[in-house]
Structures are given as structure tokens and as C-alpha cells.
Protein chains: 2
Amino acid sequence: MFSKTCEYAIRAMIYVAQQSKLDRRVSVKEVAEGIASPEYFTAKILQNLSRNNLLSSAKGPGGGFFLDKQGLKAPLAEIVRIIDGDDIFTGCGLGLAQCSEIQPCPIHHEFKQIRKGIISMLEKTKVGAFTEENSVHTLFLKR
Amino acid sequence: MFSKTCEYAIRAMIYVAQQSKLDRRVSVKEVAEGIASPEYFTAKILQNLSRNNLLSSAKGPGGGFFLDKQGLKAPLAEIVRIIDGDDIFTGCGLGLAQCSEIQPCPIHHEFKQIRKGIISMLEKTKVGAFTEENSVHTLFLKR
DNA sequence: AAAATAAAGGACAATGTTGTCTTTTATTCA
DNA sequence: TGAATAAAAGACAACATTGTCCTTTATTTT
């Protein structure tokens, strides 16, 4: 569904969001520990997200990554778009470039519905929607 | 969604199915041309599908790949399972191994519905469901 | 039996994804 | 100003996916 990079990105963003709601900035190291991901790789991902303004960052002591009010409202869709591109939003299920309503591939119509569901989920699920209390019982980010 | 290999596999199977309904066996070369895929790579894929009994093959002149009555009824799901494994059928949307009903990841419940849709589509769509006449107007397999 | 056909199998090359390490730049604090 | 902190950036290594080519095996036809 999503690339591994994208999975890390989503988990990392949710982790940062949780901490941001507690007014904490977090270092790459902490994020990587928090979501059980490879540290240096996670750094690259966070840098990428930051470059694309999905995330704020500050250098130096007391610095780290964080999300402001606006950032917390970003839907997962934005992360996916930046990391994986929008293949999943627009692409044909069979990878056919010319597939369209006029020249649909065999699974075009069924796939359209599924894609609609995916988009809907990714658009309505916001990065900041998961609290830490929740996380104890209903979610966790480590593998 | 699916790997490139899997996309080729699905398109190839549909192509072979169409020809099988016309009582034609097809060579790798013809399949590759029919679906606009790399020939040698397509050969590997067809061999794999054949090894896994999703497809029949015959060597020598007049040989090639074909599907019998049973084969035409195979759902796309079987192809996906063999080529991509069943990650898409069972895996967590965020790639978390421990994600489950009891310890759901943030998108677990929404994702469950989507997965259900994907499975349903793949199970109910049969390899032999697409006729050549259809293909002129409503489907094509080339990119 | 020999030639032709076509899949099967093995080896390998190119590319993309994932993961690691080191150096540089910016910021804070003493 | 100097030391410490932390992100940014660059280089590269490991691995997986995708793609190509060559040899072998099985079958048919002449």
C-alpha cells in the first residue's frame, strides 16, 4: 500500500504530533526510539517533511521537530503525497498510463471505489488526532 | 498498490485468458506484445504462475501458455497472493507487525474497511471475465 | 533422426528503496 | 567567545525489484 519510508513518515508525524500537544520538541533520536525506526533513515524522512513544510524544526539546544496548530491539522494524505507521490490517488490499479473513464482497464471501476475510500480515509485522518492517553490502549507506533 | 511484477502478471493472465477462450495458446513473445511488457521479464512471471498452477503451459511447436475452464475462473486474488504475498490481505496499513483488533494502529479500523473492499474486488474479479470484444471498447492491457 | 519451436532455468545487470555514517551549519548556553 | 546541541546535507552501502540474456530441456514436425 504505502512504501516503508511512507509508513515511517506517518508514524513519525503522529509521534511528533503527540509530543507537540504536550509542548515538547523532539529530536530525531527520540522519534526513532518512539516509533522503533532506524534513526538516520528517520532523520532523512523528517528533513524531507520539514523541507516540504509539513513539519517545523529548530536547530541547537532545546531544538527538535514540532508541529504548530496548523500542522496538527494536516491530513495523512499530505504525507503520502510528499513521500510516495500521488500514484495512489490517481494511478490505475494495473499501472496503465492511458487508463481512464473512456478507456478503463479491467478493474478500473471497482478500483475507483477503493481509491475513493483510501483518499477519504487519508484526507479525514489528521496527524494530530491521536492523543497519548489513547495510545496506551488503542494505538501504538512501534513495531 | 501492487508491485510492477504483479501488474504485469494480472495483465498477462487476462490476455492469456482472452486468447484461451478463442482456443489459442500464446507464446511469451505474443503475451509481451499483447500487454506491452518486457518480454524476458514477462517470461519469468509466466513461469512463476505456471509453477504455481495458475496457468498451464506446453513446450514445443504449437505450445505456449493457456488456461483451462478451471483456470479461467481463478480470481485475481490468487495472482496477487502468489506474486506479492498476502501483505495486502492481512498486513497493517502502517506496517506494524503487532497491529491487531486489540492493539490497533491509528488507521486500523478505517483501513480494515478498505482492505475488505480490495479483497472483495480481487476475489470476485475472475481472470476469464473479460472478452476480446469488450477489450476493443472498454478495456485494453497495453500501457 | 534432425530441425525447429517454445518453455524452464540460471546468471547477471540496472535501477530503486532502504539504511548508515560523516561533515557542515545554525542555535543556545555558559 | 567557546562548547555543546541538534538539524541539514552529502556520500555511500546493503538489499530488493525490475529487466536482460544465454543455455538447457521438452515437444512437434519433417
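Residue numbers begin at 1 in each chain, while the letters A, B, ... track the order of the sequences. Keep in mind it's a predicted model, so treat the numbers as computed, not measured.
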Residue pairs, two or more places apart or on separate chains, that pass ring-ring contact (aromatic ring centres under 6.0 Å, His included) and touch residues 59-101 of chain A
none
Between C:dA14 atom P and B:Phe41 atom CZ, what is the distance in whole Å?
16 Å
Closest non-hydrogen contact found for B:Cys92 with B:Phe111 is C-CE2, 4.3 Å
Between C:dA26 atom P and A:Arg25 atom CZ, what is the distance in whole Å?
17 Å
Give the rounded distance in Å between these two atoms: CD1 of A:Ile45 and P of C:dT20.
11 Å
One thing to verify: whether A:Glu101 and A:Lys112 come together as a salt bridge, which I'm taking to mean a side-chain N less than 4.0 angstrom from a carboxylate O.
yes
One should read off an interatomic distance between A:Asp84 CG and A:Thr5 OG1, to the nearest 0.5 angstrom, of 7.5 Å
Without decimals, in angstroms, what is the distance between B:Tyr8 OH and D:dT18 P?
9 Å
A:Glu7 CD - C:dG19 C1' separation (whole Å):
15 Å
Protein-to-nucleotide contact annotation, 5' to 3' order, nucleotides 2-13 of chain C [B base; S sugar-phosphate only; - none; under 4.0 Å, heavy atom]
---BBBBBBB--
Quick check: closest heavy atoms across B:Lys126 and B:Leu72, and the distance to 0.1 Å?
CB-O, 3.9 Å
Whole angstrom is fine here: how far is it from CD1 in B:Ile83 over to C1' in D:dT18?
13 Å
A:Glu39 CD to C:dC21 P, in whole Å, measures 10 Å
How close or far is atom P of D:dT17 from atom CG of B:Asn48, stated in whole angstroms?
13 Å
Can A:Gln103 and A:His108 be counted as having a side-chain donor-acceptor contact under 3.5 angstrom?
no
